[in-house]
Amino acid sequence: MNIARVRELIQDAALKGAKLVVLPEMWNCPYSDDFSKFSEDFIDEKASPSFTMLSEVALSQGITVVGGSIPERCGDKLYNTCCIFGSDGKLIAKHRKLHLFDVDIPGDLYFKESDSYMPGDETTIVDTDVGRIGIGTCHDMCFPELAMLYGSRGARLICYPSAFNMSTGEALWELLQRARAVDNQLFVATCSPARNSSGSYMFWGHSTLVGPFGEIIATAGSEESIVIAEIDYSMIHLRRQSLPLATQRRDDVYQFVDLKLNA
Ligand SMILES: O=C([O-])CC(=O)C(=O)O
């Protein structure tokens, strides 16, 4: 059911002029601890209905799709994986969530994503029809190093398919994406599932596009919606000229140590 609905929504967004569509984390399944029921191995097309739909709709609409994330089965392991498709329907890259969401906030929230998933171990930066994009999934947004790495490699947009819950959502959702954008003077796009008040895991919602000055360009509420907005990449140049953080950086005093060079 979700697959058909998401296809419709992507087609709708494309009809409204979208050239890039970003989906939420875990859009093809309930957010529970039995992700394996909805997992796909991406090898056998018939056994990968979500993957196949994304590829088909990217091709038929001629758009780039950052396909949220779905449970990827690889042998006996599961990964929380975002597939990125080009406008030719071909898979450009897949990002396996690097930082799993293991959290224990007493009296509030306990969730151990590492009970279900293995972490990925590669960063993901892709060249698409709509520019160079860095990819992170949900909790990956908490790590400024990843965003800095993408910024330093020429990403002009970072997409974070996400599913923040109510408590981290209220406290951190907007703050994190605006911080990642303004620190690196680039665009950040997030996409969350809509809130389902009767679900066991409640999502914060509020999918958003942030500009290179940390400004919110467009945002949703907590209900199902399509957020359409235009990205003007010339804003990056403008912001970097007026606030030249790159040349003001004091690498002689502190340094960003790039430990992973496998993007
Ligand atoms: O809510 C958060 O802070 C993060 C989260 O759900 C996830 O990474 O899956």
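Numbering starts at 1 and runs along the sequence shown.
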Please lay out, stage by stage, how Asn28 and Glu40 fare under the test side-chain contact (heavy atoms from CB on, under 4.5 Å). CA-CA 10 Å; Asn28 77 336; Glu40 302 184 11; 3.7 Å; yes
Can you tell me if CD on Glu8 sees more than 12 non-hydrogen neighbours from other groups inside 6.0 Å? yes
Shared ILVMFWY cluster between Ile158 and Val126, side chains joined below 4.5 angstrom? yes
Taking only residues two or more places apart in sequence or in another chain, which ones pass side-chain hydrogen bond (donor to acceptor under 3.5 Å, both in side chains) with Thr208? Thr219
Any donor-acceptor pair under 3.5 Å linking the side chain of Ser87 with the backbone of Thr64? no
To the nearest 0.5 Å, tell me how far Asn165 CG sits from Arg195 CZ. 10.5 Å
What pair of heavy atoms forms the shortest contact from Glu25 to Asn80, and how long is it? OE2-ND2, 2.7 Å
Main-chain N/O of Ser36 paired to Ser39 side chain as donor or acceptor, under 3.5 Å: yes
By the rule that ILVMFWY residues connect when side-chain heavy atoms come within less than 4.5 angstrom, directly or transitively, which residues belong alongside Met118? Tyr79
Would a single hydrophobic cluster contain both Leu100 and Leu78, if residues Ile, Leu, Val, Met, Phe, Trp and Tyr are joined by side-chain heavy-atom contacts under 4.5 Å? yes
Ring pair (Phe, Tyr, Trp, His ring centres under 6.0 Å), paired with Phe164, selected from Phe101, Trp204, Phe111, Trp173: Trp173
With ILVMFWY side chains joined below 4.5 Å, transitively, what does Phe143's cluster contain besides itself? none
Non-hydrogen side-chain atoms of Ile70 and Leu54 separated by less than 4.5 Å: no
Straight-line distance of Ser116 OG to Met26 CE, nearest 0.5 Å: 9.0 Å
Please determine whether the number of non-hydrogen atoms from other residues, nucleotides or ligands lying under 6.0 Å from atom CD of Gln248 exceeds 12. yes
Got a second to check how far Ser222's OG is from Met166's CE, nearest 0.5 Å? 7.5 Å
Would you say Met141 ends up clustered with Ile217 if hydrophobic residues are merged whenever their side chains have heavy atoms under 4.5 Å apart, either directly or through other cluster members? yes
Residue among Leu245, Leu186, Thr247 satisfying side chain to side chain contact (heavy atoms under 4.5 Å, CB included) with Arg240: Leu186
Name all residues meeting the side chain to side chain contact (heavy atoms under 4.5 Å, CB included) criterion together with Glu224; count only those two or more places apart in sequence or in a different chain, and write none if there are none. Arg5, Leu9, Ala194
Connected to Val227, directly or through other members, by ILVMFWY side-chain contacts below 4.5 Å are none
In terms of hydrophobic clusters joined by side-chain contacts under 4.5 Å, are Ile231 and Ile125 together? yes
What pairs with Arg178 under side-chain hydrogen bond (donor to acceptor under 3.5 Å, both in side chains), at least two apart in sequence or on another chain? Glu174
Quick one: list whatever passes ring pair (Phe, Tyr, Trp, His ring centres under 6.0 Å) with Phe213, sequence neighbours left out. none
In short, Val66 meets Ile135 closest at the heavy-atom pair CG1-CD1, 4.0 Å
Members other than Val182 in its cluster, when Ile, Leu, Val, Met, Phe, Trp, Tyr link by side-chain heavy atoms under 4.5 Å? none
Nearest heavy atoms of Leu23 and Pro161, plus distance in Å: O-CB, 3.3 Å
Does a side-chain heavy-atom distance below 4.5 Å link Ser50 with Trp27? yes
Is there a path of hydrophobic side-chain contacts, each under 4.5 Å between heavy atoms of I, L, V, M, F, W or Y residues, that connects Leu109 with Phe35? yes
What distance separates Lys90 NZ from Leu59 CG, expressed to the nearest 0.5 Å? 9.0 Å
Minimum heavy-atom separation for Gly136 to Leu146, with atom names? CA-CD2, 4.5 Å
Quick test of your reading: applying salt bridge (charged side-chain N to carboxylate O under 4.0 Å, His left out), list the pairs with at least one residue in residues 62-76, sequence neighbours left out, ordered by first then second residue. Glu72-Lys94, Glu72-Arg96
Sequence neighbours left out, what passes ring pair (Phe, Tyr, Trp, His ring centres under 6.0 Å) with Phe203? Give chain and number order. Tyr31, Tyr201
Taking the side chain as everything from C-beta on, heavy atoms only, tell me whether Ile10 gets closer than 4.5 Å to Ile63. yes
Would you call Ser192 and His206 a side-chain contact if the rule is heavy atoms closer than 4.5 Å? no
Heavy-atom side-chain contact between His95 and Asp140 under 4.5 Å: yes
Sequence neighbours excluded, which residues qualify as side chain to side chain contact (heavy atoms under 4.5 Å, CB included) partners of Gln241? His237
Do Asp102 and Ser114 get their side chains close enough for a donor-acceptor pair, meaning under 3.5 Å? yes
Quick one: pull up CD in Glu215 and CG in Leu209 and give me the separation to the nearest 0.5 Å. 8.5 Å
Could you tell me whether the side chain of Leu176 reaches within less than 4.5 Å of the side chain of Cys142, counting heavy atoms only? yes
Which heavy atom of Thr137 sits nearest to which heavy atom of Lys97, and what is that distance? O-CE, 3.5 Å
Taking C-beta and beyond as the side chain, do Leu157 and Leu20 meet within less than 4.5 Å on heavy atoms? yes
In sequence, state the C-alpha distance, the side-chain angles, and the governing distance for Val57 and Val21, and then conclude on side-chain contact (heavy atoms from CB on, under 4.5 Å). CA-CA 11 Å; Val57 78; Val21 170; over 6 Å; no
Within the structure provided, determine whether Tyr160 and Val188 are in side-chain contact (heavy-atom separation under 4.5 Å). yes
Go through the structure and list residues passing ring pair (Phe, Tyr, Trp, His ring centres under 6.0 Å) with Phe51, not counting sequence neighbours. Phe42, Phe85
Point-to-point distance, once rounded to the nearest 0.5 Å, from CD of Gln185 to CG of Leu238: 11.0 Å
What heavy-atom pair brings Ile228 and Ala13 nearest, and what distance separates the two atoms? CD1-O, 3.9 Å
